[in-house]
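For reference, the structure is listed below as structure tokens.
Quick caveat: nothing in here was measured; it's all calculated off a predicted structure. First listed ligand is number 1; within each ligand, the first listed atom is number 1.
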Amino acid sequence: MEKIIIVGPSSQLLAMKTAKEMKVKAIDCDFKTFPDGETYLRINVESEEEIKGKEVIIIQSTNANVTGGQSKQFFDLFNIIGAVRRMNAGKIKVVVPYFAYGRQDKVFRPGECKFAQELCKMIENAGADEFYSIDIHNPEILEVFKIPSHNLDPMKYISEYMKKNLDIKDPIVVSPDKGAKQRSTDFAKHFGDNVAVEVFEKTRDVVTGEIKMSGELKVKGMDVIISDDIIATGGTMASAIEISKKSGARRVFAVGTHPLLIKNAVSRIMRAGTDVIIGTDTIDNPVPLVSMAKLLADNL
Ligand code: R5P
């Protein structure tokens with residue numbers, strides 16, 4: 001079946017790069033907001049025959065920094081899936097490179113909504129045949145899907161970039177909290193067989209969102225790599241960097257697959273003492289980016 005990529009409004013760079021990598025046709029979208037606030041979106045085809053019978057790959061991230069915010073990006077996605085289904089696509093693969101709401105996966109306080117799981121159901125109900133994301137916050141939410149679903153691992157690509165460009169010596173990987181320990185352990189293996197992992201104690205107030213972090217690190221003179229899935233306000237990263245620096249780290253690299261970098265997150269993290277922030281293009285950003293186009297092309 002011939003493959004084509006639909007370039008979602010919030011993944012223009014990554015979708016175009018992936019199409020180039022896969023050597024397939026990319027079709028973008030026209031979109032606007034009506035004066036009353038409603039959304040208009042049209043997939044840029046001359047004839048609906050261009051979609052009929054094709055394997056259609058929709059790439060649409062859910063970036064808080066794009067106009068309308070992450071909920072609007074999901075809303076657009078559901079409508080794109082619906083339109084592609086109506087045009088009789090042969091198969092629909094949906095790629096959400098950064099899956100927003102992934103942290104709302106549990107009931108922390110009575111009455112809360114599990115947005116993460118509900119969104120998975122909505123993607124399937126909209127008409128997806130297969131689902132992909134990258135470094136999703138809690139891969140267990142994918143169990144909600146009845147269709148095949150995949151959480152792609154970006155670590156090989158990020159570590160290759162770092163080894164090539166950053167002259168890393170005597171590395172140690174630091175996990176900002178217990179939940180990220182397995183991620184950090186997997187990441188460390190890319191830097192050598194004996195690269196150690198240290199883990200912080202992090203607690204977050206479920207009402208205010210305030211974080212507290214503690215722990216002592218044996219990192220004197222070492223290159224510390226702090227790896228997290230998401231960097232949002234930068235609070236977690238800044239605290240981890242400060243403790244690493246106080247513990248005598250030579251250099252500290254802040255790595256986040258999804259660098260949301262809300263408000264003053266960049267200056268907050270830099271001020272804490274990092275040498276460089278590294279992210280990926282699951283969302284568009286101003287920090288040095290490792291492209292996920294090859295990861296997607298290898299898996300789609
Ligand atoms: C939480 O469990 C996530 O993995 C990240 O640590 C968190 O989302 C980072 O958020 P912030 O940058 O606002 O501290």
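Sorted by chain and number, the residues within 4.0 Å of ligand 1 by heavy atom are Arg103, His137, Asp177, Lys202, Arg204, Asp228, Asp229, Ile230, Ile231, Ala232, Thr233, Gly234, Gly235, Thr236.
When the shell of 6.0 Å around CZ of Phe75 is examined, it contains 12 or fewer heavy atoms from other residues, nucleotides or ligands.
Lys93 pairs with exactly one of His150, Glu55, Glu130 by the side-chain hydrogen bond (donor to acceptor under 3.5 Å, both in side chains) rule, that one being Glu55.
Using a 3.5 Å distance cut-off with no hydrogens or angles, the side chains of Ser291 and Asp281 do pair a donor with an acceptor.
At distances below 3.5 Å, not a single donor-acceptor pair connects side-chain atoms of Lys52 with backbone N or O atoms of Glu48.
The pair Lys25-Glu2 does not meet the salt-bridge criterion, since no charged nitrogen lies less than 4.0 angstrom from a carboxylate oxygen.
Checked against the 6.0 Å centroid threshold, Phe99 and Phe74 count as a close aromatic pair.
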